[in-house]
Amino acid sequence: MEARREVRLTAVLGSATPDLRSLSSSEQRSLIETIKVRVDIADSSFRYREGRKCSTALWHERTGTPVPAGPTDSQRARIEGLLHRRYPAHHFRSPLDLRAALTGMLHRLRTGILWRDLPARFGDPQKVRWRQRTWLTDGVWPEIVKLLDENGEGVPVVSRPAVPEVVIHTVLDAEAVLSVHDGHEVVNLVKIS
C-alpha cells in the first residue's frame with residue numbers, strides 16, 4: 001500500500017511542480033517525507049552569528065578600507081597621542097589594556113572570528129567591542145586605520161555570512177524511478193547560497 005502511494009506521489013512530482021504554498025501543512029509534510037528531503041549546511045565550520053553585523057566591519061566593507069597590520073611601537077605612541085587629544089582622562093581609567101584591545105580589534109577584523117571567540121590576551125571581548133564601537137561612532141577609528149595603513153599593507157575585512165550555504169538532498173526511491181535509472185538511487189542536489 002505504502003509503495004503504491006510513493007509511486008503515485010513520485011509520478012505527480014515528475015509531471016508537475018506544485019506550488020508548496022497551495023498545499024496544506026500535512027500535505028507539505030507528506031510530500032517532503034516521501035521524497036526524503038535532507039538539508040545539510042555546506043560549510044562544516046559555519047558558526048551561527050546572532051544579532052546584526054559588526055558596524056566596524058560594515059564600515060570597512062562600505063568604504064573599501066583594508067584592515068591594517070598590527071601597530072609598530074612608533075604607531076602605538078601616535079595612536080595614544082590621538083586618543084589622549086580626543087578623550088578625557090576617564091577614557092583611560094578602564095582596566096582594559098588599550099594596546100592589547102586595539103590589536104584584538106584588528107585581529108578580529110582580519111580573521112572574521114566572533115567577538116565571543118576573541119582570545120583572552122586581547123581583553124574582555126565585550127569591553128573591546130564597546131571600545132571599538134565608541135571609536136567608530138566618534139570618528140576615531142578611521143583616523144586610527146589611516147595612521148596604521150601608511151604603507152598600504154592592509155588586507156580586506158573577513159566577513160562571514162549570517163545564513164549558511166545549504167545543500168538540499170532528495171532521494172526518490174519509488175519503483176518507477178528506480179526502473180528508469182537501472183535500479184540506482186536517484187539523488188538530486190540543490191545548492192542554495
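On a predicted model such as this, the values are computed, not experimentally measured, just so you know.
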When rounded to the nearest 0.5 angstrom, what distance separates [atom1] in [X] from [atom2] in [Y]?
X	Y	atom1	atom2	result
T134	Y87	OG1	OH	6.5 Å
R131	L136	CZ	CG	14.0 Å
T103	H107	OG1	NE2	10.5 Å
I41	E165	CD1	CD	11.0 Å
Q75	L102	CD	CG	9.5 Å
R108	L114	CZ	CG	8.5 Å

Worksheet entry | Joint cluster assignment, W130 & L58, ILVMFWY side-chain distance < 4.5 Å | no
In residues 94-101, what donor-acceptor pairs under 3.5 Å come from side-chain atoms, sequence neighbours left out?
residue : atom : partner : partner atom : Å
S94     : OG   : L96     : N            : 3.0
D97     : OD1  : R99     : N            : 3.1
R99     : NE   : E80     : OE2          : 2.8

Taking all atoms of both residues into account, what is the closest heavy-atom pair of [X] and [Y], and its distance?
X	Y	value
P71	L148	CB-CD2, 3.4 Å
L118	G104	CD1-O, 3.6 Å
H60	T65	ND1-O, 2.8 Å
V128	F122	CG2-O, 3.4 Å
C54	Q132	SG-OE1, 4.4 Å
V67	P156	CG2-C, 4.4 Å

Margin query: Walk me through whether W59 and V157 qualify under side chain to side chain contact (heavy atoms under 4.5 Å, CB included).
Written below: CA-CA 10 Å; W59 176 82; V157 66; over 6 Å; no
So do the side chains of [X] and [Y] get within less than 4.5 Å of each other, counting heavy atoms only?
X	Y	answer
V145	P68	yes
L147	I79	yes
R116	Q126	no
L109	V158	no

Across all chains, not counting sequence neighbours, the side chain to side chain contact (heavy atoms under 4.5 Å, CB included) partners of S74 are T72
(message) For R133 and T56: C-alpha separation, side-chain torsions, deciding distance, then whether side chain to side chain contact (heavy atoms under 4.5 Å, CB included) applies.
(response) CA-CA 7 Å; R133 184 179 291 173; T56 307; 5.9 Å; no
Residues 139-159 vs salt bridge (Lys or Arg N to Asp or Glu O under 4.0 Å), sequence neighbours excluded, gives R78-E150, R86-E143
- Query: Do we see a donor-acceptor contact under 3.5 Å between the side chains of E27 and S30?
  - Reply: no
Note to self: Is there a side chain to side chain contact (heavy atoms under 4.5 Å, CB included) between R129 and M105? Walk through the geometry before answering.
What the structure shows: CA-CA 8 Å; R129 178 176 174 234; M105 294 170 195; over 6 Å; no
